[in-house]
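Order of listing sets the numbers, starting from 1, for every ligand and every atom in it.
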Amino acid sequence: MIGDLDITLTTNGALLARKARALRDAGLKRVTVSLDALDDATFRAMNDVDFPVAGVLAGIDAAAEVGLAPIKINAVVKRGVNEHAIVDLARRFRGTGHSVRFIEYMDVGHTNGWRMDDVVPAAEIVRRIDAEWPVEPIDAAYTGEVAERWHYRDGAGEVGVIASVTQAFCRDCTRARLSTDGKLYNCLFATGGCDLRALVRGNYPDGELDAAIAAVWRMRVDHYSELRSANTARLPKIEMSYIGG
Ligand code: SF4
């Protein structure tokens, strides 16, 4: 914690093996690592990256070693591409204390060519894991937690599923996002953001800044996932790479 801020980092893990210690020393407490498969071919196909999955696994180990744990592993599941990774990833991280969170494939931005048929519903993901290692649901760790938690009945830890398409949770969403150019976005699917940089540079007293940011959040009308349909995929949206997941 820095002040009353809980600073965590979501990363593709490419540099984590080298940077974990420096990040921990700088005050970071936890990391979430995106990892959609354990085999290189599927990993690269899902992520369009040119680094090997082994580097990400080494990064996860390095992060755990310096105490950035327990680690959350985020895996997006896409029909026909990495369904096999559901059981692979569950097996790899069972018993490690880390939690894999399987995320339904979403229509973020425009570049991923999303179709509803690409979505593997969270209920099916849970069924596939349960068939290998029986699981049961457990309570959310905190209000507004987006992942449904399931723990292994044999005590080997837990997994999560994020049913952002089949069971939208916009009502409880607390995720504001800040772009690198200082815009505050109220939703992953927003078409525009509030220019926070201009507010910060406007020399307002802290209290006024707080109130202005709170007002932006209070007046938000975003609930994209609750309205999602095949047609909304074509609406203008910000790209995920611009504001983070
Ligand atoms: S669609 Fe927007 S409001 Fe709904 S859960 Fe996702 S980020 Fe939150």
Using a cut-off of 6.0 Å, state whether more than 12 heavy atoms not belonging to Arg94 lie near its atom CZ. yes
task = Only heavy atoms count here, so choose which of Ser225, Ala190, Ser164 is nearest to atom 6 (Fe) of ligand 1.
result =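 Going through Ser225, Ala190, Ser164 one by one, Ser225 has the nearest heavy atom to atom 6 (Fe) of ligand 1.
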Please tabulate, for the side chains in residues 197-205, all donor-acceptor contacts under 3.5 angstrom to protein atoms that are two or more places apart in sequence or on a different chain.
none

Practice problem: Go through the steps to decide whether Arg127 and Asp130 satisfy the test salt bridge (charged side-chain N to carboxylate O under 4.0 Å, His left out), and finish with yes or no. | Solution: CA-CA 5 Å; Arg127 271 199 308 277; Asp130 187 63; over 6 Å; no
Please identify which atoms of ligand 1 are closer than 4.0 Å to at least one heavy atom of [X].
X	answer
Phe189	1 (S)
Phe169	5 (S)
Arg177	7 (S)
Cys187	1 (S), 2 (Fe), 3 (S), 7 (S)
Leu188	2 (Fe), 7 (S)

task: Determine, stepwise, if the pair Val53 / Thr42 fulfils side chain to side chain contact (heavy atoms under 4.5 Å, CB included).
output: CA-CA 10 Å; Val53 72; Thr42 314; over 6 Å; no
Check: Can you list every ring pair (Phe, Tyr, Trp, His ring centres under 6.0 Å) pair that touches residues 56-96, not counting sequence neighbours?
Finding: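 Found none.
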Fill in: Close approach of Arg171 to ligand 1, heavy atoms, under 4.0 angstrom
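Distance cut 4.0 Å: Arg171 fails for ligand 1.
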Note to self: One pair to check against side chain to side chain contact (heavy atoms under 4.5 Å, CB included): Phe169 and Ile162. What are the steps and the verdict?
What the structure shows: CA-CA 9 Å; Phe169 39 75; Ile162 301 182; 3.7 Å; yes
Can Arg128 and Glu132 be said to form a salt bridge (charged side-chain N to carboxylate O under 4.0 Å, His left out), step by step? CA-CA 7 Å; Arg128 286 177 180 234; Glu132 299 285 331; over 6 Å; no
Checking heavy atoms under 4.0 Å, the part of Met106 that sits near ligand 1 is neither
Metal site atom 8 (Fe) of ligand 1: N/O/S of Cys170 inside 2.8 Å
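No N, O or S atom of Cys170 is closer than 2.8 Å to atom 8 (Fe) of ligand 1, so no.
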